[in-house]
Chemist: 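One structure, pasted below without further comment.
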Amino acid sequence: MELTNEQRTCLGLELIELAWERVEIPNNSVNPERSTGKDILFFDGDVLRKVIWLHDSGSFLEDSWYLKTRDNRTMIAPITAKGKPRRLNGVNIQRCTPRGMYFSFNGGHEQKGGVYLANYTTQRTFYSSEFAGIPSMDEEGLQKFLKQWAADTGADDLAEIQAFAGAKRRRCKYREGDFFRFKYDRRSYGYGRILLDVRQFIKNGGKFWNILMGKPLCVSICHIVTEDPDVSIDRLQTLSSCPSEYMMDNHFYYGEYEIIGNAPLPEDPDAIDYPVMYGRSISGLDPDKICYCRGKDYREIPLDAEKLLQKDFKKNGIGYWPHINKTLVLECIKAGSNEPFWNKEPKNSCTYDLRNPAYKKELEYVQEQMGIC
C-alpha cells in the first residue's frame with residue numbers, strides 16, 4: 001500500500017508534488033528475479049526527493065531525500081569535488097543520508113507489526129505504536145489506524161507535528177538525579193529519572209563492569225501516565241517506578257526525553273533500584289573470575305572453587321528504549337506493583353534479571369557468594 005497526501009499531511013511527511021515523476025525499480029537491481037519487493041522513486045527533475053520501500057509482505061517505509069542524479073538518472077552525483085558517482089539503486093541510496101520525517105510499517109498482509117513515525121534530521125521519534133502499547137496490526141489494521149489518526153488530528157495537532165517535522169537537531173545535557181518527561185503517544189506523558197551515568201562514573205574513577213554498548217544510562221520509569229505535561233518533581237519522588245534498566249543516551253542527548261529538573265539521589269545505594277549484573281568475565285585476558293555489578297558497587301572473585309550459576313545473568317543487553325510501554329505501565333499502576341512487568345510477554349528483558357522475584361534463591365546465593373550483607 002501507499003499513503004495519500006492527505007495522510008501525509010496528518011503525519012507531517014513531505015507531500016508528493018504533481019510535477020514529480022514516479023519511477024519503480026526492483027529492490028534487487030542485480031538479480032531482479034530475486035526481488036522481494038520494489039522501490040518507488042519520485043524525482044523533481046534530476047533530484048531524487050522521496051522513496052517508498054515496499055516489501056511483498058506488505059511492510060513499507062516512506063522517507064525523503066535530496067539526492068542529485070546525473071546521466072539520465074542512472075547515477076547518484078557525488079556530493080564533493082573528490083567524490084565519485086554511484087549507480088542509482090536501492091543499496092546506494094541507503095548509503096546516503098535521508099532527511100526530515102519518515103514513516104514505517106513492519107506488518108502487512110502476511111504478518112502483524114507496528115508503525116513508527118520519526119525525524120531523521122533531529123533523531124527524535126514522534127510516535128511508536130509499540131511504545132504506545134498498541135497491539136500489532138496487519139494491513140487492514142493499519143488502514144483503521146490511519147483513519148483514526150486523521151480523525152483525531154485537529155489544528156493544534158497539525159501545528160505540533162509540522163513544528164516537529166521542521167525542527168533542528170538539538171544536543172542536550174543531562175546528569176544523575178535528573179527527572180525527565182517523554183510521550184507515550186500523542187496525548188499521554190510519562191516521567192522517569194536518571195539513576196546512573198555509567199560513562200561519567202567511570203570517567204570520575206568509579207569501577208564498573210563495563211560490558212554495555214554505547215553511552216549507557218540507568219533509568220527508572222515512574223508509575224504515571226497522564227495528560228499533564230507539568231507534573232512536579234515533588235510528586236514524582238513519591239511515585240513507585242518500574243524496575244530500572246540500562247539504555248543508551250540518544251533520547252536524552254537529542255532532547256526527545258526532556259529534562260525537567262534535578263534532585264539529589266539517596267546517599268544509601270541500597271535505596272536506589274539498580275539492575276544486577278552477574279556472571280563470568282568476558283575478558284579474553286582475564287576470564288577466570290566471577291563479576292558482580294549493581295550500580296556503583298563492583299566486585300569480582302576468582303572462579304577457582306566457586307560455583308557459577310548456569311543461567312546467564314550478565315544482563316548486558318542494551319537498547320535505545322526502556323522495555324516498557326503505556327499499557328504495561330498502566331497495568332503496574334492498577335496492580336500497585338511491578339508484577340505485570342515481571343510477568344509480561346515476551347520476557348526477554350526480565351528473563352536474565354536477578355531482581356525478578358522468580359530468582360529469589362539465585363539472588364540470595366549470589367549475594368552470599370559476593371560477600372554482600
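Throughout, numbering of the chain's residues begins at 1 and tracks the sequence.
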Chemist: For D185 and S188, which I'm curious about, is there any donor-acceptor pair between the side chains at under 3.5 Å?
Modeler: yes
Chemist: A side-chain contact here means heavy atoms from C-beta on lying under 4.5 Å apart; do Y66 and R49 qualify?
Modeler: yes
Chemist: What orientation do Y184 and F182 show, parallel under 30°, tilted 30 to 60°, or perpendicular over 60°?
Modeler: perpendicular
Chemist: L308 versus L303: any side-chain heavy-atom pair under 4.5 Å?
Modeler: yes
Chemist: Can you see whether N262 engages D178 through a side-chain donor-acceptor pair at a distance of less than 3.5 angstrom?
Modeler: yes
Chemist: Above 12 or not: heavy atoms from other molecules or residues under 6.0 Å from CG of L158?
Modeler: yes
Chemist: Please, which pairs that meet ring-ring contact (aromatic ring centres under 6.0 Å, His included) have at least one residue in residues 132-179, sequence neighbours excluded?
Modeler: F126-F164, Y127-F145, Y127-W149, F145-W149
Chemist: Does a side-chain N-to-carboxylate-O contact under 4.0 Å join E256 and K183?
Modeler: no
Chemist: Say whether F180 and Y320 are linked into one hydrophobic cluster, either directly or through other cluster members, by side-chain heavy-atom distances under 4.5 angstrom.
Modeler: yes
Chemist: I'd like to know whether CD of E24 has more than 12 heavy-atom contacts from other residues, nucleotides or ligands below 6.0 angstrom.
Modeler: yes
Chemist: Does the side chain of R193 pick up a donor-acceptor pair with the side chain of S244 at under 3.5 Å?
Modeler: no
Chemist: Please assess F252 against Y257 for the test ring-ring contact (aromatic ring centres under 6.0 Å, His included), listing each intermediate value before the final yes or no.
Modeler: CA-CA 5 Å; F252 298 92; Y257 289 8; 5.2 Å; yes
Chemist: How far apart are the C-alpha atoms of R235 and S232, what are their side-chain angles, what is the distance that settles it, and do they pass the side chain to side chain contact (heavy atoms under 4.5 Å, CB included) test?
Modeler: CA-CA 5 Å; R235 183 188 174 196; S232 70; 3.5 Å; yes
Chemist: Flag the pair D273 and R355 as a salt bridge only when some basic side-chain nitrogen lies within less than 4.0 angstrom of an acidic carboxylate oxygen.
Modeler: yes
Chemist: Return yes if a side-chain donor-acceptor contact under 3.5 Å exists between Q123 and N119, otherwise no.
Modeler: no
Chemist: Is there a side-chain contact between K215 and N250 (heavy atoms, below 4.5 Å)?
Modeler: no
Chemist: Once rounded to the nearest 0.5 Å, what's the spacing between atom CG of N106 and atom CG of L61?
Modeler: 11.0 Å
Chemist: Using distance only, find each side-chain donor-acceptor pair of residues 331-341 under 3.5 Å and give its atom names and separation, not counting sequence neighbours.
Modeler:
| unit_1 | atom_1 | unit_2 | atom_2 | d |
| --- | --- | --- | --- | --- |
| S337 | OG | E339 | N | 3.3 |
| N338 | OD1 | H223 | NE2 | 2.9 |
| N338 | ND2 | S241 | O | 2.9 |

Chemist: How would you list, by chain and number, every residue that makes a ring pair (Phe, Tyr, Trp, His ring centres under 6.0 Å) with Y278, sequence neighbours excluded?
Modeler: none
Chemist: Using 30° and 60° as the class boundaries, would you call the ring planes of Y298 and W209 parallel, tilted or perpendicular?
Modeler: tilted
Chemist: Parallel, tilted or perpendicular for F103 and F60, by the 30°/60° rule?
Modeler: tilted
Chemist: Who are the side-chain hydrogen bond (donor to acceptor under 3.5 Å, both in side chains) partners of D288, not counting sequence neighbours?
Modeler: R280
Chemist: Do the two ring centres, one from Y102 and one from Y120, sit under 6.0 Å apart?
Modeler: yes
Chemist: A quick test of your reading: do over 12 heavy atoms of other residues, nucleotides or ligands sit less than 6.0 Å from CE of M213?
Modeler: no
Chemist: Within this structure, what is the CD-SG distance for the pair E176 and C218, rounded to the nearest 0.5 Å?
Modeler: 9.5 Å
Chemist: Applying a strict under-4.5 Å side-chain criterion to I, L, V, M, F, W and Y, I'd like to know whether L354 and L195 cluster together.
Modeler: no
Chemist: State whether R22 and E17 are salt-bridged, where the test is any N-O pair (Lys NZ or Arg NE/NH1/NH2 against Asp/Glu carboxylate O) under 4.0 Å.
Modeler: no
Chemist: Consider only side-chain N and O atoms of Y116 and T125, and report whether a donor and an acceptor are under 3.5 Å apart.
Modeler: yes
Chemist: Please round to the nearest 0.5 Å and tell me the distance separating atom NZ of K289 and atom OG of S281.
Modeler: 5.0 Å
Chemist: First locate atom CZ of R124, then atom CG of L117, and finally report the distance between them rounded to the nearest 0.5 Å.
Modeler: 12.5 Å
Chemist: How many angstroms lie between CD in E130 and OG1 in T327, if you round to the nearest 0.5 Å?
Modeler: 11.0 Å
Chemist: About how many Å separate SG of C96 and CG of L88, when rounded to the nearest 0.5 Å?
Modeler: 9.0 Å
Chemist: Under the rule for side-chain contact (heavy atoms from CB on, under 4.5 Å), what residues qualify as partners of I301, not counting sequence neighbours?
Modeler: I290, E306, Q369, M370
Chemist: Do V219 and L196 pass the side chain to side chain contact (heavy atoms under 4.5 Å, CB included) test, and can you show the C-alpha distance, the side-chain angles, and the key distance before you say yes or no?
Modeler: CA-CA 7 Å; V219 304; L196 176 63; over 6 Å; no
Chemist: Are K38 and N27 packed together at the side-chain level, in the sense that at least one heavy-atom pair is separated by less than 4.5 angstrom?
Modeler: no
Chemist: Using a 3.5 Å distance criterion without hydrogens, assess whether the side chain of N72 forms a donor-acceptor pair with backbone atoms of T74.
Modeler: no
Chemist: Once ring-ring contact (aromatic ring centres under 6.0 Å, His included) is applied, what residue pairs with a partner in residues 33-57 remain, sequence neighbours excluded?
Modeler: none
Chemist: State, with a plain yes or no, whether a side-chain heavy atom of R199 is found less than 4.5 Å away from one of P216.
Modeler: yes
Chemist: Would you call K344 and H323 a side-chain contact if the rule is heavy atoms closer than 4.5 Å?
Modeler: yes
Chemist: Name the residue from E245, M247, H251, M248 that meets the side-chain contact (heavy atoms from CB on, under 4.5 Å) definition with W321.
Modeler: H251
